[in-house]
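Each remark here refers to the structure printed beneath this line.
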Amino acid sequence: MRLVVTTEGPHLMLRRTHTCGELRESHVGQTVRLNGWVNAYRGHGTGLTFIDMRDRFGLTQVVFDGADLAKEIMEVADHLRSEDVIAVQGTVRIRVGGPNPKLDTGKIEIVVTKFELLNKTDPLPFIPDDTGTGGKLANEDIRGKYRYIDLRRPTMQKILGIRHKVYQSTRRYFDENGFLEIETPILYKSTPEGAREFLVPSRNVPGSWYALPQSPQLFKQILMVAGCDRYMQICRCFRDEDPRADRQAEFTQIDLEMAFVRREHVMDMMEGFVRRLWKDITGYDVPPIQKMPYREAMERFGIDRPDTRYGLEITDISEIAAKTDVAFFKDVLAKGQDRPKFNSGRGVVKAIRVPGGAEKLTRKLTDGYNEFVRGFGAGGCAVTKVNAAGAFETGIAKFLEPVKAELFAALGLQPGDTILFVSDLYPIATKSLGELRQKVARDIGIVPKPGSEGGPWNFLIVVDFPMFEKDKESGRWIAMHHPFTAPRDDQAKAFVDADVNDDVTIESIVSAGYDIVLNGQEIAGGSVRIHDRAVQSKVFQLLGLTPEQAKEKFSFLLEALSYGAPPHAGIAFGLDRLVMNFVGTSNIRDVIAFPKTQTGQDLMTSAPSKATEDQLKDVHVKSTFVPQN
RNA sequence: GGGGCGGUAGCUCAAUUGGUUAGAGUACUGGACUGUCGAUCCAGUGGUUGCGGGUUCGAGUCCCGUCCGCCUCGCCA
């Protein structure tokens with residue numbers, strides 16, 4: 001028996017025969033080799049030392065026994081510390097000291113016969129243990145700087161594995177359905193719509209810039225014109241906007257496009273994908289997904305991605321409110337009553353019934369709701385309770401007495417309920433109550449756990465979005481999805497015929513777009529694209545683009561669409577959010593191997609960083625930035 | 001760009017009203033220890049209190065500025 005400690009000199013590289021997660025009683029008696037990191041050491045001097053060895057597959061206990069091993073080996077073993085990199089050869093046996101039920105490999109141990117210290121670690125900034133120090137992980141800035149250490153944590157390894165499975169499941173599904181995976185450029189043309197873009201200066205074309213793609217939208221449409229029939233790509237997208245807990249400037253989409261389809265075909269395909277993905281990753285069978293028109297979502301839930309796992313639905317009580325003497329109801333209901341229902345210029349009164357709210361909602365909470373809805377532009381939130389005797393109490397109670405029976409019927413009121421009212425123009429009242437509904441649900445604790453924590457997976461497809469909405473700042477029309485989204489088939493004629501100044505009609509035009517919503521979170525969105533030139537011109541006209549401007553910005557697409565473009569439609573899934581759902585985290589940085597901070601910095605590599613004068617000169621750029629101090 | 005929370009030993013945290021030499025656990029180092037499994041026991045090293053300025057006899061603590069991290073509004077499909 002030869003024992004080797006190669007702290008210096010040539011490595012033997014005792015290459016592994018098994019991973020640290022796979023040895024069981026059935027392996028007893030075999031000679032095996034493991035490679036990995038020291039996860040924990042339990043030394044009893046040079047007589048006996050236990051090492052928990054870790055790789056991404058698990059933990060295995062290895063034993064250094066002074067009765068078998070040379071003293072110099074035992075000396076080294078006694079000084080092994082967390083995260084040293086080692087290789088061992090030894091015999092699998094039933095644990096002499098009894099099993100450890102916490103480990104998958106807890107019934108066996110390896111008695112070391114050969115040992116190699118592959119790399120001694122320097123003292124670590126933190127130990128990559130899911131428990132962390134004092135029950136807490138190190139702060140995010142430390143973990144970000146040493147991301148390669150944090151990624152060794154079992155939880156992070158598991159997440160990387162889930163993400164990998166999502167990639168594989170995705171590619172299998174779309175391959176089986178006849179999709180071609182095609183890469184599109186990262187260095188791309190700047191296009192004006194949507195988010196702020198990252199710019200890359202050109203060296204060969206002085207004064208010109210590439211942009212990084214917000215999405216491969218135009219390329220995938222052109223691939224349809226190019227006869228590719230069905231395209232998919234797992235692609236990186238870039239949007240230079242401030243991040244959030246669930247949003248990074250650099251993120252990943254599952255992007256697809258299909259030719260010769262209507263929206264139903266795409267929705268069927270994406271529903272099939274969702275079903276396959278959930279089956280592959282979680283084993284869950286996704287039931288048929290309900291479709292809900294945008295208008296219904298807004299009416300009932302006040303948001304275009306409703307969380308339908310709980311009630312607290314919104315009710316329009318404008319007609320009843322009109323019969324009361326509440327001044328702020330009357331003021332609002334004087335506005336835009338000649339306009340059609342749902343028009344943004346029409347005043348409405350809406351309410352949420354909170355069952356048992358009289359008890360659950362404190363005065364402090366309801367006072368807060370008043371402030372809360374003001375944040376969305378509403379004047380305030382009126383509150384009334386139904387007392388045990390079934391009478392209105394507090395707030396605007398006395399004004400509601402005359403319509404008591406109607407209100408009870410409309411809202412289904414019961415003793416002990418609280419009613420929250422907002423009166424304002426349609427969009428403001430709707431949004432305020434939509435947001436308030438979610439806040440109340442959190443406050444009274446009725447939001448279920450997500451699917452990854454044993455709660456429901458609640459899918460919904462939202463359809464029939466408006467084509468256009470008014471930009472709050474400029475007052476101009478903007479495309480709700482993007483300017484290549486087609487109107488729904490039955491709306492195309494009305495749209496082309498509409499007067500561009502007829503706001504009421506324009507606002508009523510419905511698109512052939514669709515979103516997939518999971519537990520109140522948008523996980524995918526797409527649309528049928530315009531392949532009719534008259535429709536496309538009309539869109540540009542509405543958006544305030546002259547034919548010349550449209551040509552300058554999108555000539556390549558418009559030309560392509562004029563040379564035999566098939567009807568086509570597509571969708572994109574936010575891959576990071578899918579993975580977040582599967583692993584049960586609300587932090588997008590958890591599911592990205594090398595994420596960025598709130599200021600878009602990579603703490604590990606220190607990107608972004610200064611460029612040299614020569615580099616800037618090469619690309620014809622001069623910085624105007626003046627450092628302070 | 002706005003609002004909020006945070007930054008003290010390698011890590012996680014504490015430090016009374018502004019008052020003695022800034023502490024604890026853990027990690028690390030040394031020692032003891034032949035069946036541990038969050039090993040245990042003994043001893044020790046370890047501090048620009050993010051950075052800069054100010055008030056004060058005296059600042060981790062108060063004030064101003066600034067940097068960084070997180071959450072959030074704006075923004076973003």
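Below, chain A is the first sequence line, B the second, and so on; all start at residue 1.
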Could you tell me how far [M] sits from [N] if I compare only their [atom1] atoms? Round to whole Å.
| N | M | atom1 | value |
| --- | --- | --- | --- |
| B:U12 | B:C28 | C1' | 16 Å |
| B:G7 | B:C13 | C1' | 13 Å |
| B:G60 | B:U20 | C1' | 16 Å |
| B:G47 | B:U40 | P | 26 Å |
| B:G6 | B:C64 | P | 15 Å |
| B:U55 | B:C67 | C1' | 23 Å |
| B:A9 | B:G23 | P | 14 Å |
| B:A77 | B:G38 | C1' | 46 Å |

[X] has an atom [atom1]; how far is it from atom [atom2] of [N], in whole Å?
| X | N | atom1 | atom2 | answer |
| --- | --- | --- | --- | --- |
| A:Asp65 | B:C33 | CG | P | 16 Å |
| A:Arg374 | B:C73 | CZ | C1' | 18 Å |
| A:Tyr41 | B:U29 | OH | C1' | 10 Å |

Check your understanding: When you match A:Leu124 and A:Phe251 each to their closest nucleotide on RNA chain B, which lands nearer the 5' end?
Key -> A:Leu124
Review point. Which sits closer to the 5' end of RNA chain B, A:Thr597 or A:Gly525, going by the nucleotide each is nearest to?
Key: A:Thr597
Return the nearest nucleotide to the side chain of [X]; candidates are [options].
| X | options | answer |
| --- | --- | --- |
| A:Arg239 | B:C76, B:C28, B:G10 | B:C76 |
| A:Glu522 | B:C28, B:A77, B:U12 | B:A77 |
| A:His79 | B:G10, B:G31, B:U12 | B:G31 |
| A:Arg81 | B:A77, B:C71, B:C28 | B:C28 |
| A:Lys136 | B:C71, B:C13, B:G30 | B:C13 |
| A:Thr599 | B:U36, B:G69, B:A39 | B:G69 |
| A:His44 | B:A39, B:G74, B:A77 | B:A39 |

Does [X] put a side-chain nitrogen or oxygen below 4.0 Å from OP1 or OP2 of [N]?
| X | N | value |
| --- | --- | --- |
| A:Gln214 | B:C76 | no |
| A:Gln598 | B:C68 | no |
| A:Arg42 | B:U34 | no |
| A:Arg143 | B:C11 | no |
| A:Gln61 | B:U36 | no |

Partner nucleotide, any strand, of [N] [Watson-Crick/G-U, under 3.5 Å]:
| N | result |
| --- | --- |
| B:C76 | none |
| B:U40 | B:A32 |
| B:G25 | B:C11 |
| B:G69 | B:C5 |
| B:G19 | B:C57 |

Answer yes or no: side-chain N or O of [X] and base N or O of [N] forming a donor-acceptor pair under 3.5 Å.
| X | N | value |
| --- | --- | --- |
| A:Arg93 | B:G35 | yes |
| A:Glu241 | B:G74 | no |
| A:Arg244 | B:C70 | no |
| A:Arg589 | B:G69 | no |
| A:Asn139 | B:G6 | no |

Check your understanding: Taking the six-membered ring for Trp, does A:Phe50 stack with B:U36 (centroid gap under 5.5 Å, planes within less than 30°)?
Key -> yes
Review point. Quick one: which of A:Lys220, A:Met269, A:His568 gives a side chain to side chain contact (heavy atoms under 4.5 Å, CB included) with A:Met258?
Key: A:Met269
Exercise for review: Mind checking the CG-NZ spacing from A:Leu425 to A:Lys431? Nearest 0.5 Å is all I need.
Suggested key: 15.0 Å
Review point. For the side-chain hydrogen bond (donor to acceptor under 3.5 Å, both in side chains) test, which of A:Asp150, A:Thr585, A:Asp130 pairs with A:Thr155?
Key: A:Asp130
Check your understanding: Between A:Gln536 and A:Pro483, is there a donor-acceptor pair closer than 3.5 Å when you use the side chain of the first and the backbone of the second?
Key -> yes
Point to revise | Option passing salt bridge (charged side-chain N to carboxylate O under 4.0 Å, His left out) with A:Asp576 (candidates A:Arg247, A:Arg163, A:Arg244) | key: A:Arg163
Check your understanding: According to the interplanar angle, ranging from 0 to 90°, do the rings of A:Phe273 and A:Phe174 count as parallel (below 30°), tilted (30 to 60°) or perpendicular (above 60°)?
Key -> tilted
Point to revise | Ring geometry between A:His482 and A:Phe484 (parallel below 30°, tilted from 30 to 60°, perpendicular above 60°) | key: tilted
**Study point:** Matching residue for A:Tyr188 among A:Phe219, A:Phe198, A:Tyr210, A:Trp209 - test: ring-ring contact (aromatic ring centres under 6.0 Å, His included)
**Key:** A:Phe219
